[in-house]
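What follows is a set of notes on a single structure, which appears directly below.
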Amino acid sequence: MFRFLYPLITNFFISASIIFFSVLSPQPAFAQGVPPTTKLVKVGVYKSDPFVIIENGQYSGMAIELWESLEKKMGLSSTYISYPSFRKLIEAVEHGEVDAAVSNLTITKQRAQSIAFTQPWYDSGLRIMTKNKGSGSFQNVIDGLIDSGHVATFAWLLILALFATAIITIVDRRLDSEFPRRWREGLADNFFHTVSILTTGKTTHKNLFGWVGRIWSAIWMVIGVGIIAYITSSITSVMTTTSLTNQIHSLSDLSGKRVGVRDGSLAEDYIQELGIQTRSYTDIDTAVQGLMSDEVDALVGDAPVLEYFTHTHPEQPVRVVGNIFHPDKYGFGFALQSDLLRPVTLELLGLREQGSVRDLRVKYFGNAR
């Protein structure tokens, strides 16, 4: 009997021990099929339409949409922190204030010494924005006439015309019985006569001095022809000079001008390297205001940003001129030893191969450039 019951008792205690210890042992953190905990990251951004658009505390734009596509693939959850310039954004990444920099951030050798970049996801370059108005405007012509001294000459010619008007009126009142008796009527009639000689070289005034009067009239007509030729040539030369000096079509036209740039941007560094005077602005809106108020003669910035502004603000009298110069590329920025750099780069390359980046370009710019 003992030999029969012993195995049964032994198996019972072994089974009970297994059940007891399995209940007391800790369970695994995640059941099968449940995703791991989402990783929280702090993302620094710089407002730059259409790549980073900030409206009512909401973030959107091409760079934001691209980053959020990466988030979904990598199980990330981002908290956005806005910075006032590219320089501040790069410093925030370098000092560990944020985990990533998301914007139209140009990859340069100098920046790559302090932060790391992903593979490029957008090809860009610099262009020029100017006022969309004729450089030979009335105000510019007046300023040119003043600077060249022609206005002073015109003033002396006007004084001469008024003096001649007064002399002729006095003589006519004494010698011509049909001349108007009221001074204002007589002066007005002779002023018209004098200006007619100066502008057209013609006279219809009554001759009171016979052949001597005819000679004087001929002399006045010759003087009038010379004066009108001078006025015409001076205005034409000033308009030509104004057109040549004020129009900006390319990088070479910026010499001697004051150029607006965004603070901490590649455009600021590049224009300063060329020895051109710059004025920095925090964003494109204030930069355009500076252009319209004549604080600067032109703006230099990222081509897609300038082009997008002119497309979305047709009411602003500005235009983008010239070809793209200083070609560059955009990438996302990370700390030099960041463990996010490699996986983000790999996922970013995957999105490019799938055509997702191209689709975003078409969405925001209408082409797959």
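Quick caveat: nothing in here was measured; it's all calculated off a predicted structure. Start at 1 with the first residue, then count along the sequence.
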Requested in this report: Among F309, Y330, Y364, find the one that has a side chain to side chain contact (heavy atoms under 4.5 Å, CB included) with P304.
Outcome: Y330
Requested in this report: Verify the ring-centre separation between F117 and F334: is it less than 6.0 angstrom?
Outcome: no
**Report entry** Side-chain (S103) to main-chain (L105) donor-acceptor, under 3.5 angstrom
**Finding:** no
Query raised in the report: Do you know the tightest heavy-atom contact between I115 and G333?
Result: CD1-CA, 4.2 Å
Query - Cation-pi geometry met for R262 and Y46 (6.0 Å, 45°) - result: no
Query raised in the report: Which residue pairs satisfy the ring pair (Phe, Tyr, Trp, His ring centres under 6.0 Å) criterion with at least one member in residues 342-361, sequence neighbours excluded?
Result: none
Requested in this report: Name the orientation class of the two ring planes belonging to F365 and Y308 (parallel below 30°, tilted from 30 to 60°, perpendicular beyond 60°).
Outcome: perpendicular
Query raised in the report: Is it true that a side-chain atom of S265 and a backbone atom of V261 form a donor plus acceptor pair closer than 3.5 Å?
Result: no
Report task. Please confirm whether the backbone N or O of K42 pairs with a side-chain atom of D99, one donor and one acceptor, at under 3.5 Å? Result -> yes
**Report entry** Any donor-acceptor pair under 3.5 Å from S356 side chain to R352 backbone
**Finding:** no
Query raised in the report: In terms of side-chain geometry, is the basic nitrogen of D294 or K131 positioned less than 4.0 Å from the acidic oxygen of its partner?
Result: yes
**Report entry** Test item: side-chain donor near acceptor, T286 and D283, under 3.5 Å
**Finding:** yes
Query raised in the report: Would you find a donor on one side and an acceptor on the other, under 3.5 Å apart, between the side chain of E71 and the backbone of S78?
Result: yes
Query raised in the report: Does the E295 side chain pair with the main chain of L291, one donor and one acceptor, at a distance under 3.5 Å?
Result: no
Query raised in the report: For Q58, does the CD atom sit with more than 12 other heavy atoms under 6.0 Å from it, leaving out its own atoms?
Result: no
**Report entry** Verdict with supporting geometry, T79 and L40, side chain to side chain contact (heavy atoms under 4.5 Å, CB included)
**Finding:** CA-CA 8 Å; T79 299; L40 301 178; over 6 Å; no
Report summary line: The reported gap from OG in S124 to CZ in F51 (rounded to nearest 0.5 angstrom) is 6.5 Å
Requested in this report: State whether the side chain of D302 and the backbone N or O of L126 hold a donor-acceptor pair below 3.5 Å, judged by distance alone.
Outcome: no
Query raised in the report: Atom NZ of K329 and atom OG1 of T106: how far apart are they, to the nearest 0.5 Å?
Result: 11.5 Å
Query raised in the report: Rounded to the nearest 0.5 Å, how far apart are CG of D297 and CD1 of I128?
Result: 11.5 Å
Query raised in the report: Measuring from I81:CD1 to K88:NZ, what's the distance to the nearest 0.5 Å?
Result: 15.0 Å
Query raised in the report: Are V45 and Y122 co-members of a hydrophobic cluster defined by side-chain heavy atoms under 4.5 Å apart?
Result: yes
Query raised in the report: Would one find more than 12 heavy atoms of other residues, nucleotides or ligands at under 6.0 Å from atom NE2 of H313?
Result: yes
**Report entry** R127 (side chain) donor-acceptor with N323 (main chain) under 3.5 angstrom
**Finding:** no
**Report entry** Spacing of CG belonging to D285 relative to CD belonging to Q289, to within rounding of 0.5 Å
**Finding:** 7.0 Å
Report task. Give a yes or no on whether a salt bridge exists between R361 and D359, defined as a side-chain N under 4.0 angstrom from a carboxylate O. Result -> no
**Report entry** Reported NE2-to-CG distance for the pair H311 and L306, which is rounded to 0.5 angstrom
**Finding:** 14.5 Å
Query raised in the report: So, S255 side chain and S252 main chain: donor-acceptor pair closer than 3.5 Å or not?
Result: no
